[in-house]
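Please see the structure below; I have some questions.
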Amino acid sequence: MTNLKIYNSYTRKKEVFSPITPGHVGMYVCGPTVSGESHMGHARPYITFDVVNRYLTHLGYKVRYVRNITDAGHFEEEGREAEDKISKKAVLEKLEPMELVQKYTNLFHWAMKRFNNIEPSIEPTATGHIVEQIEMIKKIIAAGYAYEVNGSVYFDISKYAEDHDYGKLSGRVIDDLLETTRVLEGQDEKRNKADFALWKNAAPEHIMRWQSPWGVGFPGWHIECSAMATKYLGPEFDIHGGGMDLQFPHHESEIAQSTICNHTAPVRYWMHNNMITINGKKMGKSYNNVIKLTELFSGDHPALEKPYHPMVVRFFILQTQYRSTLDFSNEALQAAEKGLKRLWEAYEKLQAMEYGTTPEKPDEALESKVSRTLAELDEFMNDDFNTAKVLANLFELVPVINSIKDKTIPLAALSRTGFELLKKQFRVYMEDILGLQDVSGADNEKLEKVLQLLIELRKEAKKNKDFFTSDKIRDQLSAAGIMLKDEKDGGISVSYE
RNA sequence: GGUACCGUGGCCGAGUGGCUAGGCUGAGCUCUGCAAAAGCUCCUACAGCAGUUCGAAUCUGCUCGGUACCUCCA
């Protein structure tokens with residue numbers, strides 16, 4: 001029982017979240033097609049739903065998070081000869097298809113780890129579930145909603161639309177879909193252009209192929225998600241997530257297939273994240289404007305002024321509500337970089353503080369400001385995961401923390417419980433829910449000791465007014481990317497780059 | 001062409017009827033051996049037009065501009 005509200009794309013409304021099985025949440029998120037390298041656009045859904053996963057867990061739900069890997073090919077273009085994306089590239093690169101799949105899967109996992117995304121509970125592959133997909137197709141045929149032509153099987157939209165609401169999720173009018181349906185000269189095997197493939201007959205040169213009741217072929221794109229979601233989450237589950245661009249036809253078709261097979265609508269809450277744009281245009285292969293994740297992290301791309309740490313990208317994404325578009329620019333990313341640094345440093349200072357035995361002398365105004373700001377954190381997350389507002393509130397607390405550290409505000413101005421709550425909530429939000437991490441390069445212990453020595457030397461030099469030495473230490477470390485800052489309390493803090 | 005969505009200060013972005021987030025940038029001040037950091041303050045916006053309302057960035061209509069989906073797409 002919570003106050004969590006989720007914007008449901010299906011009803012276009014925010015709805016109070018109530019799971020099918022109390023205490024448990026089943027969530028399915030469309031995963032990557034591993035026929036190529038992931039780009040920046042791909043980062044958004046996986047970070048968005050990672051936070052959803054983290055927050056649901058934080059609320060006490062036991063979450064089963066299923067995210068597939070699409071490793072079986074689709075058609076490059078409908079109407080033309082069936083071409084398997086993966087096998088096509090494989091020929092070009094002279095690689096075994098599964099070798100390619102493995103390579104890009106590994107790369108994807110590497111990027112997810114750098115983003116500090118928690119791994120899904122189950123990460124099923126399409127090729128690992130051919131049997132389930134075939135079984136599902138059989139059921140759809142038996143129910144009379146699919147037909148076979150030349151070894152391919154198509155879902156019959158017009159039949160489905162007779163007694164179901166095809167197009168509701170994506171706001172499509174079924175008659176329009178069917179009208180555009182002019183049958184293209186006999187070539188097309190489909191009865192209606194709106195029909196989609198459940199199984200495709202494989203041309204001889206097609207590398208990825210499986211035996212089926214309809215001959216040798218490969219599954220249509222939409223069926224894999226239906227089959228895997230049903231298998232691991234049941235015929236009806238709580239949340240289905242993915243990018244907005246998947247709403248139609250992918251998710252619409254998923255609903256149709258699953259509904260026929262399982263006699264129930266598959267999903268309670270549909271969630272769709274918006275796109276990342278670059279110069280106002282969606283980042284996508286067809287636009288030729290993608291920045292791959294590897295390029296983003298290395299800075300090796302003409303559009304990038306510098307490399308960006310995965311945490312900066314994560315923070316950048318979380319600064320926007322997930323249903324808004326997010327425009328990429330160097331300026332915006334660098335603003336995020338600075339913001340994150342400030343927030344993280346304040347967070348670290350806070351965690352290092354101890355209330356000690358100081359007698360409390362609470363300042364009512366401060367006390368209530370802090371507790372209200374903290375309480376709002378939950379409200380914002382409960383309002384459709386508004387991480388942008390959460391971050392805004394965390395930032396509002398930064399001056400408070402820094403002032404306490406600088407002793408401009410006495411620690412005792414907060415009550416002991418107020419302070420402990422501040423400390424705890426900051427940790428919970430920064431690390432557990434938002435999944436942020438330290439950006440500064442991990443240093444090894446020995447270097448850390450050397451650094452401590454230099455800091456001591458600088459302190460002594462300063463005490464002796466030997467500013468030549470103290471400045472030399474600071475300047476030369478600075479040239480090496482290590483910044484020393486004299487704190488008001490006499491200490492020296494370190495930050496990197 | 002059809003269907004949606006969007007247009008917020010120098011930039012990025014919250015915000016769906018009144019109390020005018022937040023980040024970055026810029027300016028000033030304080031602190032400081034200097035620097036950096038930090039703190040404080042300032043620059044106060046909602047594409048245009050018309051309407052509803054006591055009151056609109058927020059609702060309605062129109063205009064202009066942009067984007068997405070309709071095909072693979074996160």
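Order of the sequence lines sets the chain letters (A, B, ...), proteins ahead of strands, with each chain counted from 1.
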- Mind checking the P distance from B:rG66 to B:rC24? Whole angstroms is fine.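 Looking at atom P only, B:rG66 and B:rC24 are 32 Å apart.
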- Message: Does A:F297 form a ring pair (Phe, Tyr, Trp, His ring centres under 6.0 Å) with A:W110? I'd like the steps, not just the answer.
- Response: CA-CA 12 Å; A:F297 299 163; A:W110 167 81; 5.6 Å; yes
- Message: I'd like the P distance from B:rG65 over to B:rA74, given in whole Å.
- Response: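 Here B:rA74 and B:rG65 have their P atoms 32 Å from each other.
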- Among B:rC12, B:rC34, B:rC69, the one nearest A:A332 by side-chain distance: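 When the side chain of A:A332 is considered, B:rC12 is the closest of B:rC12, B:rC34, B:rC69.
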- Could you walk me through whether A:Y308 and A:F316 pass the ring pair (Phe, Tyr, Trp, His ring centres under 6.0 Å) check? CA-CA 11 Å; A:Y308 297 101; A:F316 174 66; 8.7 Å; no
- For atom P, what is the distance between B:rC46 and B:rA4, given to the nearest Å?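 One P to the other, the span is 29 Å.
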- Roughly, in whole Å, what's the span from CG in A:N273 to C1' in B:rU67?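 Computing the A:N273:CG to B:rU67:C1' distance gives 16 Å.
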- Task: Ignoring the backbone of A:A392, work out which of B:rC24, B:rA36, B:rG22 is nearest its side chain.
- Result: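 Selected nucleotide (nearest to the side chain): B:rG22.
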- Task: Return the nearest nucleotide to the side chain of A:L326; candidates are B:rA36, B:rG13, B:rA68.
- Result: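 Of the candidates, B:rG13 comes closest.
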- Message: If you only use heavy atoms from C-beta on, which nucleotide in B:rC69, B:rG33, B:rC72 is closest to the side chain of A:F248?
- Response: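 Shortest atom-to-atom distance from the side chain points to B:rC69.
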- Starting at atom CG of A:L477, determine the distance to atom C1' of B:rA36, rounded to an integer number of angstrom.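 So the two atoms are 14 Å apart, to the nearest Å.
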- Distance between the P atoms of B:rG2 and B:rC62, in whole angstroms?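 My reading of the P atoms in B:rG2 and B:rC62 gives 14 Å.
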- Item | Interatomic distance, A:N393 CG vs B:rG13 C1' [rounded to whole Å] |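 Checked: the CG to C1' distance equals 15 Å.
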- Using a cut-off of 4.0 Å on non-hydrogen atoms, how would the nucleic acid contact of A:D327 be classed: base, sugar-phosphate, or nothing?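 Sugar-phosphate contact only.
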- Query: Is A:D475 touching bases, backbone alone, or none of the nucleic acid, heavy atoms closer than 4.0 Å?
  - Reply: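 Contact class for A:D475: none.
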- Item | A:Y160/A:F155 aromatic ring centres below 6.0 Å |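 Centroid distance A:Y160-A:F155: below 6.0 Å, so yes.
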- Query: Can you tell me how far C1' in B:rC54 sits from the matching atom in B:rA45, rounded to whole Å?
  - Reply: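 That atom pair is separated by 24 Å.
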- Message: Under 4.0 Å, counting only non-hydrogen atoms across every strand here, what does A:R474 touch: a base, just sugar-phosphate, or nothing?
- Response: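 Result for A:R474 = base.
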- Among B:rA35, B:rA14, B:rA37, find the nucleotide with the atom closest to the side chain of A:K488.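 It is B:rA37.
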- Tell me which nucleotide among B:rA38, B:rC34, B:rA74 gets nearest to the side chain of A:R458.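 Looking only at side-chain atoms, A:R458 lies closest to B:rC34.
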- Name the nucleic acid region contacted by A:Y322, choosing base, sugar-phosphate or nothing; use a 4.0 angstrom heavy-atom cut-off, strictly under.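 Counting heavy atoms under 4.0 Å across all strands, no contact is made by A:Y322.
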- Roughly, in whole Å, what's the span from NE2 in A:H272 to P in B:rU67?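 Distance, rounded to whole Å: 23 Å.
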- Query: Is atom NZ of A:K306 surrounded by more than 12 heavy atoms (other residues, nucleotides or ligands) closer than 6.0 Å?
  - Reply: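 Yes, enclosed.
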- Is A:E337 touching bases, backbone alone, or none of the nucleic acid, heavy atoms closer than 4.0 Å?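 The answer is nothing, as A:E337 stays clear of every strand by at least 4.0 Å.
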- Message: Any base atoms under 4.0 Å from A:L484, or only sugar-phosphate, or nothing? Heavy atoms, all strands.
- Response: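 Here A:L484 touches the bases of the nucleic acid.
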- Item | Pair partner, B:rU3 [Watson-Crick or wobble, under 3.5 Å] |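 For B:rU3, the partner nucleotide comes out as B:rA68, under the 3.5 Å rule.
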- Touch class at under 4.0 angstrom, heavy-atom based, for A:T277 against every strand present: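 Here A:T277 touches no strand at all.
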- Given B:rC24, B:rC69, B:rG22, the nucleotide with the shortest approach to the side chain of A:K282: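 For the A:K282 side chain, the nearest candidate turns out to be B:rC69.
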- Query: Would you say A:N386 reaches B:rG15's phosphate, i.e. side-chain N/O to OP1/OP2 under 4.0 Å?
  - Reply: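 Yes, A:N386 has a side-chain N/O under 4.0 Å of OP1/OP2 on B:rG15.
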- Gap in Å between the two C1' atoms, one belonging to B:rA57 and one to B:rG7, rounded: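 Their C1' atoms lie roughly 11 Å apart.
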- Query: At under 4.0 Å between heavy atoms, what does A:F467 touch on the DNA or RNA strands: base, sugar-phosphate, or nothing?
  - Reply: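 Base: the residue A:F467, judged by heavy atoms under 4.0 Å, touches a nucleobase.
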- Task: Round to the nearest Å and state the distance from A:Q321 atom CD to B:rC6 atom C1'.
- Result: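 Atom-to-atom, A:Q321 to B:rC6, this comes out as 14 Å.
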- Task: Would you classify A:G284 as touching base, sugar-phosphate or nothing, given that sugar-phosphate means primed atoms plus P, OP1 and OP2, and contacts are heavy atoms under 4.0 Å?
- Result: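 No contact at all - A:G284 keeps every heavy atom at 4.0 Å or more from the nucleic acid.
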- Query: Taking the side chain of A:Q319 as heavy atoms from C-beta outward, which of B:rA14, B:rA74, B:rG23 is closest to it?
  - Reply: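 Closest of the options to the side chain of A:Q319: B:rG23.
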- Query: In whole angstrom, what separates A:L318's CG from B:rG13's P?
  - Reply: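 Rounded to whole Å, this separation is 14 Å.
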- Give one of base, sugar-phosphate or nothing for A:L333, where a contact means two heavy atoms less than 4.0 Å apart.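 It contacts nothing in the nucleic acid.
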- Message: Distance to the ring centre below 6.0 angstrom and angle to the axis at most 45 degrees; does that hold for A:R172 and A:F248?
- Response: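 Flagged: A:R172 positioned over aromatic ring of A:F248.
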- How long is the line joining CZ of A:F395 and P of B:rG13, in whole Å?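 To the nearest whole Å, that distance equals 15 Å.
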- Among A:R44, A:K282, A:K285, find the residue that satisfies the salt bridge (Lys or Arg N to Asp or Glu O under 4.0 Å) test when tested with A:D245.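 That would be A:K282; it is the only one of A:R44, A:K282, A:K285 passing the salt bridge (Lys or Arg N to Asp or Glu O under 4.0 Å) with A:D245.
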- With centres under 5.5 Å and planes under 30°, do A:Y46 and B:rA74 count as stacked?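 The ring of A:Y46 is not stacked on B:rA74.
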- Candidate nucleotides B:rA68, B:rA74, B:rG33, ranked by approach to the side chain of A:M283 - the nearest: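 Closest nucleotide among those given: B:rA74.
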- Message: If I take atom CE in residue A:M275 and atom P in nucleotide B:rA4, what distance separates them, rounded to the nearest angstrom?
- Response: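 About 19 Å, once rounded to whole Å.
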- Message: Would you measure the distance from the C1' atom in B:rC42 across to the matching atom in B:rG55 and give it in whole Å?
- Response: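 My reading of the C1' atoms in B:rC42 and B:rG55 gives 29 Å.
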- Item | Spacing of the P atoms in B:rU52 and B:rU58 (rounded, Å) |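 Those two atoms are separated by 15 Å.
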- Which nucleotide in B:rG33, B:rA14, B:rA74 has an atom nearest any side-chain atom of A:H39: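 Selected nucleotide (nearest to the side chain): B:rA74.
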- Query: Where do A:K389 and A:D383 land on the salt bridge (Lys or Arg N to Asp or Glu O under 4.0 Å) test, with the steps shown first?
  - Reply: CA-CA 10 Å; A:K389 283 185 136 191; A:D383 185 17; 5.6 Å; no
- Query: Should A:K485 and A:E345 count as an ion pair when the cut-off is N to O under 4.0 Å?
  - Reply: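 Counted as a salt bridge, because a side-chain N and a carboxylate O are separated by less than 4.0 Å.
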- Check every strand shown and say whether A:T408 touches a base, only sugar-phosphate, or nothing at a heavy-atom separation below 4.0 Å.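 No contact.
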- Message: Should the side chain of A:D486 and the base of B:rC34 be counted as holding a donor-acceptor pair, with the cut-off at 3.5 Å?
- Response: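 Indeed there is one.
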